[in-house]
K.L.:
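Just dropping this structure here.
Everything quoted here is computed from the prediction, not taken from an experiment.
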Amino acid sequence: MKIVILDGYSVNPGDLSWAELEGCGELTVYDRTSTDEIEERAKDADAILTNKVVISGGTMDRLPNLKYIGVLATGYNVVDIEAAGKRGITVTNVPAYSTNSVVQMTFAHILNMTNRIAHYARENREGKWSSSPDFCYWDTNLDELAGKTLGVVGLGNIGYKVACIARDFGMDVFAYTSKNSADLPAGIQKTTFNGLLGISDILTLHCPLTPETKEMINKDTLKRMKRGALLINTGRGPLVNEADVAKALNDGQLGGYGADVMAQEPPKADNPLFSAPNAYLTPHIAWATTEARIRLIAIASANVKAFIQGSPQNTVA
């Protein structure tokens with residue numbers, strides 16, 4: 001079986017091993033592949049693996065041996081699922097490999113904004129503490145999470161774990177979710193999206209990107225939030241209108257924005273969030289801990305093995 005990985009660098013820049021996949025067949029790994037290079041590189045492939053390289057129906061038509069597409073991620077919008085189904089091509093994804101890592105990044109952003117970690121590290125390098133007349137130094141508010149209200153949009157694996165950890169911090173937790181109230185654990189209360197906007201000191205987004213959720217955070221919904229509330233986005237960049245978020249930060253309506261995702265990745269250098277106050281942006285790395293990437297490769301390899309054995313798993317088409 002000939003297997004081609006089209007864009008392996010982001011998953012494995014050289015610190016991990018592809019040995020499990022090498023045991024599945026003849027493996028070729030490319031760090032990156034442009035749209036124009038897909039067909040030449042995958043022309044003889046029985047299976048291709050992709051992270052962000054888009055595989056369209058037209059591309060499938062020009063790959064006569066293709067029987068399997070493995071997405072090296074949980075989201076699979078890079079593959080035309082309907083076209084794959086019509087052509088009898090199996091498509092799999094890698095679910096739930098990064099839950100712990102994304103939850104960790106969510107709280108990294110929350111704690112950075114409430115405890116001002118980046119700010120005080122910078123102040124110390126500039127000598128502010130060294131020159132302080134007191135044993136301690138601070139020039140901002142410092143906020144305790146206990147007693148604050150966390151609003152969680154989406155209670156999948158990640159949102160649920162964020163909600164549970166927030167309870168351990170002593171926060172009041174409300175959620176906008178399709179789950180029934182009776183199915184929620186003690187301490188997590190269901191409410192409407194509008195209700196969530198009005199009560200949240202911190203609002204965190206963990207829902208999928210759909211036509212209904214695209215830009216669910218915009219100038220109108222931002223106005224319904226508490227003045228000075230914090231917004232966290234480790235879900236998908238287009239869940240928010242970035243220009244509206246930047247304006248809300250500049251106006252003081254929004255107290256801070258912590259995000260690991262953006263609407264365009266990599267973003268344009270003139271994105272208004274880069275110059276907005278209290279915008280803390282990390283470059284889509286919540287999923288990329290060593291442990292999560294090891295799990296990703298292990299599950300992706302198991303997906304390929306299961307397909308070869310005639311019992312495909314984690315199929316989305």
Side-chain angles (χ1 to χ4, degrees), residues 73-75 94-115 117 142-210 212-217 221-222 224-226 228-240 245 254-261 280-282 284-289 291-292 295:
T74 301
V94 182
Y97 72 93
S98 63
T99 298
N100 290 336
S101 297
V102 177
V103 170
Q104 181 176 313
M105 179 64 86
T106 299
F107 279 97
H109 275 290
I110 291 173
L111 293 171
N112 175 57
M113 289 193 284
T114 55
N115 291 74
I117 301 299
L142 297 168
D143 301 307
E144 189 172 80
L145 291 180
K148 298 289 194 302
T149 296
L150 180 74
V152 183
V153 179
L155 277 183
N157 292 328
I158 294 170
Y160 179 81
K161 192 158 190 176
V162 166
C164 291
I165 292 173
R167 289 292 299 150
D168 290 338
F169 271 110
M171 302 186 76
D172 298 320
V173 181
F174 290 81
Y176 173 56
T177 174
S178 60
K179 290 181 170 63
N180 294 323
S181 296
D183 296 331
L184 302 185
I188 302 177
Q189 302 177 64
K190 181 174 179 175
T191 187
T192 63
F193 180 57
N194 282 332
L196 205 63
L197 294 173
I199 61 176
S200 298
D201 297 300
I202 303 172
L203 182 69
T204 183
L205 308 179
H206 301 290
C207 57
L209 178 63
T210 66
E212 291 72 33
T213 63
K214 184 178 181 181
E215 295 192 0
M216 66 191 309
I217 302 299
T221 53
L222 285 162
R224 297 178 214 155
M225 293 179 67
K226 285 185 176 181
L230 306 180
L231 176 63
I232 310 293
N233 185 6
T234 55
R236 292 288 183 268
L239 293 173
V240 311
V245 169
L254 196 61
Y257 181 53
D260 187 59
V261 289
Y280 301 94
L281 309 170
T282 48
H284 206 147
I285 54 172
W287 67 278
T289 61
E291 294 81 0
R295 283 192 293 271

K.L.:
State, without any angle test, whether S101 and S98 hold a side-chain donor-acceptor pair at a distance under 3.5 Å.
P.N.:
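Absent: no donor and acceptor within the cut-off.
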K.L.:
Determine yes or no for a side-chain-to-main-chain donor-acceptor pair under 3.5 angstrom, with T192 supplying the side chain and G195 the backbone.
P.N.:
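Flag set: sc T192 to bb G195 pair under 3.5 Å.
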K.L.:
Judged by modelled atom types alone, do T234 and T106 share a side-chain donor-acceptor pair under 3.5 Å?
P.N.:
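Looking only at side-chain atoms, T106 and T234 do form a donor-acceptor pair, the distance falling under 3.5 Å.
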K.L.:
Give a yes-or-no answer on whether the side chains of N100 and K161 include a donor-acceptor pair shorter than 3.5 Å.
P.N.:
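Note: N100 and K161 side chains meet the donor-acceptor criterion.
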K.L.:
Quick check on side chain to side chain contact (heavy atoms under 4.5 Å, CB included): which of V245, L205, L281 does N233 satisfy it with?
P.N.:
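The option that passes is L205.
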K.L.:
Supply the atom-to-atom distance T99 OG1 to N157 CG, rounded to the nearest 0.5 angstrom.
P.N.:
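Answer rounded to 0.5 Å: 4.5 Å.
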K.L.:
Under the criterion side chain to side chain contact (heavy atoms under 4.5 Å, CB included), I'd like the reasoning laid out for N194 against L197: C-alpha separation, chi angles, the key distance, then a yes or no.
P.N.:
CA-CA 5 Å; N194 282 332; L197 294 173; 3.9 Å; yes
K.L.:
Could you go through H109 and Y280, starting from their C-alpha distance and side-chain angles, then the distance that decides it, and tell me whether this counts as side chain to side chain contact (heavy atoms under 4.5 Å, CB included)?
P.N.:
CA-CA 8 Å; H109 275 290; Y280 301 94; 4.2 Å; yes
K.L.:
Look only at the side chain of K214 and the backbone of L209, and say whether a donor-acceptor pair between them is shorter than 3.5 Å.
P.N.:
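No; zero donor-acceptor contacts below 3.5 Å.
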K.L.:
Please lay out, stage by stage, how D260 and T282 fare under the test side chain to side chain donor-acceptor pair (under 3.5 Å).
P.N.:
CA-CA 5 Å; D260 187 59; T282 48; 2.7 Å; yes
K.L.:
Write down the atom of A163, the atom of I188, and the distance for their closest heavy-atom approach.
P.N.:
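Shortest heavy-atom separation between A163 and I188 comes out as CB-CD1, 3.5 Å.
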K.L.:
Please tell me if the side chains of L184 and L155 come closer than 4.5 Å, counting only heavy atoms from C-beta onward.
P.N.:
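A side-chain contact exists here, since the closest heavy-atom pair is under 4.5 Å.
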K.L.:
Would you say the side chain of V153 lies within less than 4.5 Å of the side chain of I217, judging by non-hydrogen atoms?
P.N.:
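Heavy-atom side-chain distance check fails, nothing below 4.5 Å.
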K.L.:
Any carboxylate oxygen within less than 4.0 angstrom of a Lys/Arg side-chain nitrogen, looking at K226 and D201?
P.N.:
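Yes, this pair counts.
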K.L.:
Give the minimum heavy-atom separation between M225 and L230, together with the two atoms involved.
P.N.:
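The pair with the smallest heavy-atom distance is CE-O, 4.4 Å.
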K.L.:
Working note: Y160 + T177, criterion side chain to side chain contact (heavy atoms under 4.5 Å, CB included); need CA distance, chi angles, decisive distance, verdict.
P.N.:
CA-CA 10 Å; Y160 179 81; T177 174; over 6 Å; no
K.L.:
If you look at every heavy atom in V152 and L196, which pair is closest and at what distance?
P.N.:
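For V152 and L196, the tightest heavy-atom pair comes out as O-CD2, 3.6 Å.
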K.L.:
Could you state the interatomic distance from OG1 (T210) to CE (M216), rounded to the nearest 0.5 Å?
P.N.:
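Between atom OG1 of T210 and atom CE of M216 there are 8.0 Å.
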K.L.:
Search all heavy atoms of F193 against all heavy atoms of Y176 and return the closest pair with its distance.
P.N.:
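Scanning both residues, the minimum pair turns out to be N-CD1, 3.4 Å.
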K.L.:
Students often mix this up, so state it plainly: with edges at 30° and 60°, are the rings of Y97 and W287 parallel, tilted or perpendicular?
P.N.:
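Aromatic pair Y97/W287 classed perpendicular.
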K.L.:
Would you name the heavy atoms of M171 and L150 that are closest together and state the gap between them?
P.N.:
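Minimum heavy-atom separation between M171 and L150: CE-CB, 3.7 Å.
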K.L.:
Give me the atom names and distance for the closest heavy-atom approach of K190 to K179.
P.N.:
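Scanning both residues, the minimum pair turns out to be NZ-O, 2.8 Å.
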K.L.:
Given Y257 and V240, is the side chain to side chain contact (heavy atoms under 4.5 Å, CB included) satisfied, shown in steps?
P.N.:
CA-CA 11 Å; Y257 181 53; V240 311; 3.4 Å; yes
K.L.:
Crowded around E215 CD? As in, over 12 foreign heavy atoms under 6.0 Å?
P.N.:
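Atom CD in E215 is crowded, with more than 12 foreign heavy atoms closer than 6.0 Å.
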